[in-house]
Every structure is written in structure tokens, then in C-alpha cells.
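The basis for the numbers below is simple: all heavy atoms, side chains too, and nothing from hydrogens, waters or symmetry mates. As the structure is a prediction and not an experimental result, all values here were calculated from the model.
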Amino acid sequence: MPTVGQHAELLACEYLQRHTLKLITKNYHCRRGEIDLIMQDKNTLVFIEVRYRKNNRFGSALESVDHKKQTKIIITAEHYLLHNTQVFSGYRFDVIAISPTHKNHEIIWVKDAFHSN
């Protein structure tokens, strides 16, 4: 049985694939962090953080991707770029925020949610 986080990542991946993104890898790890999904959008490499929130009591899913989390994602993306030789015209950082509704899930996709220095 998948965890809540794994289920959210699966929902996000399927959602993005329906919007023509191509999966490259899931759960890329290095010593400094993890990136949930790495996908391709035409000639752009996309690093995607998936956040799930059952409720907003401690802030929304989008708000949970704070500066500290963004920095860890950027460092991990730099590691990925150093160790993978695929050629892309550029890259960006997206966030997928998922919250349950009474019938399904609400998915919010924020393209280019933050930038590296």
C-alpha cells in the first residue's frame, strides 16, 4: 500500500503526463536532498516538488515550499545537472500542490514557482 506521499506523487505524475510532460525520473536523491519528479516539457527540464496537505491548519501546500526547501531543491537540481549529460534548452522549478476534496483531489500546478540564483 503506497504512503500518502507516494500516492500524491503518483497523482501529480499522472496529471503532468496528461499535460504532455514526459517522466525522466522519480525521487532523485543526493546527499543534500531529494526531488520528487524530474520531467521534460518540450525542450525544458522540469524539477517538480509535490506537496500534499490534508488541511491548511499549518499553512497551505504551496506555502510549505519555503526558502529553505527551495534552496535544498536547487542544490539537488544542480547535482542532477552535473551528473546527467542530457541536453535541454533550459530548466525550471515547478510545484504541484494537492489537497483532498469531498469527491477527489484539487491539484494546483505552479509553473516556474521559484528560481535559482
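Counting only heavy atoms from C-beta outward, the side chains of Lys69 and Arg51 approach each other to under 4.5 Å. Here the side chains of Gln70 and Val65 are in contact, with some heavy-atom distance below 4.5 Å. Side-chain contact between Leu16 and Glu14: absent, with no pair of heavy atoms (C-beta onward) separated by less than 4.5 Å. Here the side chains of Met39 and Lys22 are not in contact, with every heavy-atom distance at 4.5 Å or above. In this structure, the side chains of Lys68 and Thr71 stay at 4.5 Å or more apart for every pair of heavy atoms. Between Ile48 and Trp109, the closest side-chain pair of non-hydrogen atoms is not below 4.5 Å. Considering only heavy atoms from C-beta on, His105 comes within 4.5 Å of His7 through its side chain.
At a cut-off of 3.5 Å, with distance as the only test, no side-chain donor of Gln40 or Tyr91 sits close to an acceptor on the other residue.
Note that CD of Gln86 and CG of Leu45 are 7.0 Å apart. Values are rounded to the nearest 0.5 Å. Distance CG/Asp94 to CZ/Phe47: 11.0 Å, rounded to 0.5 Å.
Taking every heavy atom of both residues into account, Ile38 and Ile35 meet most closely at CG1-CG2, 3.8 Å. Taking all atoms of both residues into account, the shortest heavy-atom contact from Thr76 to Arg32 is OG1-C, 4.1 Å. Gln17 approaches Leu23 most closely through the heavy-atom pair NE2-CB, 3.7 Å.
In the hydrophobic clustering of ILVMFWY residues, with side-chain heavy atoms under 4.5 Å counting as a link, Ile74 and Leu81 come out together. Follow the hydrophobic side-chain contacts under 4.5 Å out from Tyr52 and you reach Leu11 in the same cluster. One hydrophobic cluster, built from ILVMFWY side chains closer than 4.5 Å, cannot hold both Leu10 and Val50; they sit in different ones. Taking hydrophobic clusters as Ile, Leu, Val, Met, Phe, Trp and Tyr residues chained together by side-chain heavy-atom distances below 4.5 Å, Ile75 does not share a cluster with Leu37.
At distances below 3.5 Å, at least one donor-acceptor pair connects side-chain atoms of His19 with backbone N or O atoms of Tyr15. The main-chain N or O of Tyr28 is never found under 3.5 Å from a side-chain atom of Thr25 such that the two would form a donor-acceptor pair. At distances below 3.5 Å, at least one donor-acceptor pair connects side-chain atoms of His83 with backbone N or O atoms of His79.
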Where do Ile96 and Ile108 land on the side-chain contact (heavy atoms from CB on, under 4.5 Å) test, with the steps shown first? CA-CA 6 Å; Ile96 293 283; Ile108 299 171; over 6 Å; no
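Residues passing the salt bridge (Lys or Arg N to Asp or Glu O under 4.0 Å) test with Lys26, sequence neighbours excluded: none. Applying the side chain to side chain contact (heavy atoms under 4.5 Å, CB included) rule to Asp41 yields the partners Leu21, Val46, Arg92; only residues at least two apart in sequence or on another chain are considered. Residues satisfying the ring-ring contact (aromatic ring centres under 6.0 Å, His included) criterion with Phe114, sequence neighbours excluded, are Phe93.
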